[in-house]
Number of protein chains: 2
Amino acid sequence: MAEPKHPVRTVDRTLEIVEIIQELDGAGVSEIADRVDIGKSAVHNHLQTLAERDYVDKVDDEYHIGLSFLSLGAYARNQTPIHDAARAEVDKLADETDELVNLLVEQNGKGVYLYQAKGDNAVELDTYEGKDVHLHSTALGKALLAFRPTEEVDEIIDEHGLPAQTAHTITDREEFQAELAEIRENRYAVDHEERIHGLRCVAAPITDNEDRSVAAVSVACPVHQLDDERFYDELPDRVRGAANVIELEYNYS
Amino acid sequence: MAEPKHPVRTVDRTLEIVEIIQELDGAGVSEIADRVDIGKSAVHNHLQTLAERDYVDKVDDEYHIGLSFLSLGAYARNQTPIHDAARAEVDKLADETDELVNLLVEQNGKGVYLYQAKGDNAVELDTYEGKDVHLHSTALGKALLAFRPTEEVDEIIDEHGLPAQTAHTITDREEFQAELAEIRENRYAVDHEERIHGLRCVAAPITDNEDRSVAAVSVACPVHQLDDERFYDELPDRVRGAANVIELEYNYS
DNA sequence: TAGCTTGTTCTGAAAGAGTGAACGATCGTT
DNA sequence: AACGATCGTTCACTCTTTCAGAACAAGCTA
């Protein structure tokens, strides 16, 4: 996507304001005006306009993200064919493993969490539906990239790099390509505390009829919650099994 | 919320554009320009700006709602304490009944679907997470209103009226108040094709410690799918049971 | 009470959103 | 194959309208 030739600055500013509110978990007019480069009267006008349509909620001089965004967000998700195909199986996997199960898709070279199901024993993380993450530092992202053409992976790395998130993140290009090759063989990926310290995940790609990935599913759990045996023997099979069911649903129905 | 004294028109226009795209299930520049009162070059500028941040997706000269809205929408939902408390139980109810289960909250006098779980046999409806509906024409809305003070109900009716959605919608004010009184006694509400022809629902309120409703759960099914016996005997108990579990989770944890 | 915040209102002035025409591309039709 | 229609995109000018800044009310803290 080329840069807009004639961007509408007001729209950018509004989106910025909304994103700041999300980041701060609710904020007041002055607080927002400090972060975005416009005066507080202007911020006030934006917020009133957004509040009118319930895109923000005002609670005691604090503004919060409004539920009107849910309509658009849920709609956007429902539009993706993979969501419908995957949801039931993701729920089931969460139920069986008791862990946190995630579904991720790619958008413009980054990963976006599309759906999340929490088992009874699920770890609490910073991930939420709609959040975007670097693809290279998660099992989900690696599983997804492994089933994309090499040139596409190169493009994505060119654009976003391989920034380190923890000491375990793979930051070397060749090492990363080797990792992807291995994932292609196993049809599952493992993340050893590569994005978050103390967390490891197993992920499997969900591919279309041409074996190109359209999404990935993962189970995430704290390093010390599951012993290695179960982590390496049991989880990969379960995750691949779920991915398989989703693929069938996605490709043949 | 008072009318904004100094609305930011550009923001209104952008939101209008986005809402049109949603309504039309994707649209082109000219198509949008026809509906919103600005030229197509202006619409084009808006869309490019939104696309830059993934708030809209461009696919072959058609623009669609982007996944960036999911981040905000899911975030807004996660902020509501009722969501966390209810989600697991709503899933369970859907699993047990095989039907469509909905969770609704009130916002500015209208109902907003907060969460939805589909059982194996769930009916396909026009409802989706984030959608807003009139409160008076659904079992969910009636259950919710029944546990609000009378003056609050009056205010809401003053603002939104009791418009007929089908031939069965209650459109008379007194009749509606009587219906609410009955719901207060039973602690569950029934919707007899009042919003959609051929659909009936059973809903129960979820109340706080002062017995004021904060949300409602419902099971929805086609009129001819379930015989009257099961509909009237089995469902109310199940739905009230689920509501009860959610209340405990909401109020005491 | 004074002194700091906060959100809100208002008007002028500078910014920029929108108009409308023109261009190039891609249709389906003649 | 050439046409006409319709699409998305670009551009420069103009007039709309956003924004800055000051002033005010309300709520704190000291």
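Convention: sequence-line order gives letters A, B, ...; per-chain numbering from 1. The shown structure was predicted, so the numbers you read here are calculated from the model rather than taken from an experiment.
- Looking at heavy-atom distances under 4.0 Å, Ser41(A) makes contact with a base.
- In this structure, Arg13(A) reaches the dC19(D) phosphate: one of its side-chain N or O atoms is under 4.0 Å from OP1 or OP2.
- A salt bridge between Glu19(B) and Arg53(A) is present, with a side-chain N of the basic residue lying under 4.0 Å from a carboxylate O of the acidic one.
- Between Tyr63(A) atom OH and dG7(C) atom P there is a gap of 8 Å when expressed in whole angstrom units.
- Judged by distance alone, with hydrogens and angles left aside, the side-chain atoms of Asp60(A) form no donor-acceptor pair with the main-chain N or O of Glu62(A) at under 3.5 Å.
- Rounded to an integer number of Å, the gap from Asn45(B) CG to dT16(D) P is 19 Å.
- The interatomic distance linking Leu50(B) (CG) with dG8(D) (P) rounds to 16 Å, in whole Å.
- The side chain of Lys58(B) has dG8(D) as its nearest neighbour among dT8(C), dG8(D), dT6(C).
- In the set dT8(C), dT19(C), dC19(D), dT8(C) carries the atom at the smallest distance from any side-chain atom of Gln48(A).
- Here dG8(D) presents its P atom at 6 Å from CG of Asp61(B), a figure rounded to the nearest Å.
- Remark: C1' of dG16(C) and CG of Asp12(A) are 13 Å apart, rounded to the nearest angstrom.
- For Tyr113(A) and Tyr128(A), the distance between ring centers is not under 6.0 angstrom.
- Residue contacts for Asp37(A): at a heavy-atom cut-off of 4.0 Å it reaches the sugar-phosphate backbone alone, with no base atom in range.
- Rounding to whole angstrom units, CD of residue Glu31(B) and P of dC7(D) are separated by 9 Å.
- Under 4.0 angstrom from either OP1 or OP2 of dT8(C) there lies at least one side-chain N or O belonging to His44(A).
- Annotation: of the two residues near DNA chain D, His6(A) and Gly39(A), the 5′-most nearest-nucleotide partner is His6(A).
- Residues Pro7(A) and Val29(A) each lie close to DNA chain C; by heavy-atom proximity, the contact nearer the 5' end of the strand is made by Val29(A).
- Across all strands, His46(B) comes closer than 4.0 Å only to sugar-phosphate atoms, never to a base (heavy-atom distances).
- Each of Val11(A) and Ser30(A) has a nearest nucleotide on DNA chain C; the 5'-most of these lies closest to Ser30(A).
- Heavy atoms only, all atoms of each residue included: Leu144(B) and Ser213(B) are closest at O-OG, 2.7 Å.
- Taking atom CG of Leu47(B) as the reference point, atom P of dC7(D) lies 15 Å away to the nearest angstrom.
- When each of dT9(C), dT6(C), dT18(D) is scored by its nearest atom to the side-chain atoms of Lys40(A), the top-ranked nucleotide is dT6(C).
- Side-chain N/O atoms of Thr10(A) include one lying less than 4.0 angstrom from OP1 or OP2 on dA17(C).
- For the pair Ile38(A) CD1 and dT17(D) C1', the interatomic distance rounds to 14 Å; values are reported in whole Å.
- In this structure, a donor-acceptor pair under 3.5 Å is absent between the side chains of Tyr250(A) and Asn209(A).
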